[in-house]
Every structure is written in structure tokens, then in C-alpha cells.
Amino acid sequence: MFYGKQTDPFYKSVAWRRLRARVLERDHHQCIDCLALKNAGVRIRVNRATVVHHIEPRELRPDLAMDENNLISLCEACHNKRHPEKGGHPGGAKQGPPRGVRIIKV
């Protein structure tokens with residue numbers, strides 16, 4: 001039985017893998033969001049980047065899919081924060097409302 005999401009063939013292409021490697025190298029394999037938090041004095045440690053994220057989503061801007069200026073390196077946790085709609089949590093569990101937000105059903 002298949003429970004996972006099918007991988008987009010785009011992410012298996014040789015061109016994407018080469019570009020992804022170049023972006024990770026450019027960003028020194030550091031998560032850009034963690035680095036920004038460290039520079040702001042909020043965080044002590046910068047996580048290793050394992051994901052290359054499209055700033056402008058491919059679905060909205062396919063012309064920028066392979067544009068290095070539209071890509072940043074992120075750790076898994078920061079990438080999941082940028083995509084709460086995907087339920088990017090261990091085990092695929094859906095996230096509740098953000099902290100401090102109360103949902104009132106009418």
C-alpha cells in the first residue's frame with residue numbers, strides 16, 4: 001500500500017539536481033531562515049540546509065523554476081514552517097492553529 005505523496009518528476013531531473021547542489025553550495029549548506037534568526041539574536045545555532053526552496057512557487061511562476069535567484073537553502077524545520085498547508089510534520093500529522101490563535105466554530 002502506498003501512503004506517501006508521489007514525487008514530482010521535476011525534482012528528479014539532472015538539471016534540477018545540479019542547480020540544487022549549486023544553491024546549497026552558494027549558501028554554504030546553511031539554512032537561510034536559521035541564519036536570519038541568529039543574526040537577529042533570536043537563535044544561537046544555524047541548522048544545516050537540506051532543502052532548496054522556491055521563493056516564488058513553481059505553480060505560480062514556472063518561469064522562475066530554474067532561476068537561482070528564486071531559490072534559497074533551508075533546513076527541514078524551516079521549510080515545513082513555510083509550507084504549513086502541506087502538513088509538513090513528522091508522521092504527516094496536520095498542524096493545529098498557530099499558537100495564540102483560537103478557533104471558534106459557529
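For this chain, numbers begin at 1 and follow the sequence in order. Just so it is clear, the values below take in all heavy atoms, side chains as well, and ignore hydrogens, waters and symmetry mates.
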Residues sharing [X]'s hydrophobic cluster, by side-chain heavy-atom contacts under 4.5 Å among ILVMFWY, directly or via others?
X: V42; value: L37
X: M66; value: F10, Y11, W16, L19, V23, L24, V52, L71
X: V51; value: none

Quick one: closest heavy-atom pair of [X] and [Y], and the distance?
X: L74; Y: C31; value: CA-SG, 3.8 Å
X: D8; Y: R58; value: OD2-NH1, 2.8 Å
X: A49; Y: S73; value: CB-CB, 3.5 Å

Backbone N/O of H54 and side chain of N70: donor-acceptor pair under 3.5 Å
no
Atom CZ of residue position R18 - does it have more than 12 heavy atoms of other residues, nucleotides or ligands inside 6.0 Å?
no
Evaluate whether atom NE2 of H29 has more than 12 neighbouring non-hydrogen atoms of other residues, nucleotides or ligands under 6.0 angstrom away.
yes
Could you list the residues that satisfy salt bridge (Lys or Arg N to Asp or Glu O under 4.0 Å) with [X], not counting sequence neighbours?
X: D27; answer: none
X: R43; answer: none
X: R22; answer: E68
X: R61; answer: D63

Nearest 0.5 Å, what's the [atom1]-[atom2] distance between [X] and [Y]?
X: N39; Y: C34; atom1: CG; atom2: SG; value: 11.0 Å
X: R26; Y: I72; atom1: CZ; atom2: CD1; value: 8.5 Å
X: L35; Y: C78; atom1: CG; atom2: SG; value: 10.5 Å

So which pairs with a foot in residues 59-79 pass ring pair (Phe, Tyr, Trp, His ring centres under 6.0 Å), sequence neighbours left out?
H53-H79, H79-H83
Inter- and intrachain pairs under salt bridge (charged side-chain N to carboxylate O under 4.0 Å, His left out), touching residues 31-40, at least two apart
D33-R82
P57: what forms a side-chain contact (heavy atoms from CB on, under 4.5 Å) with it, not counting sequence neighbours?
E59, L60
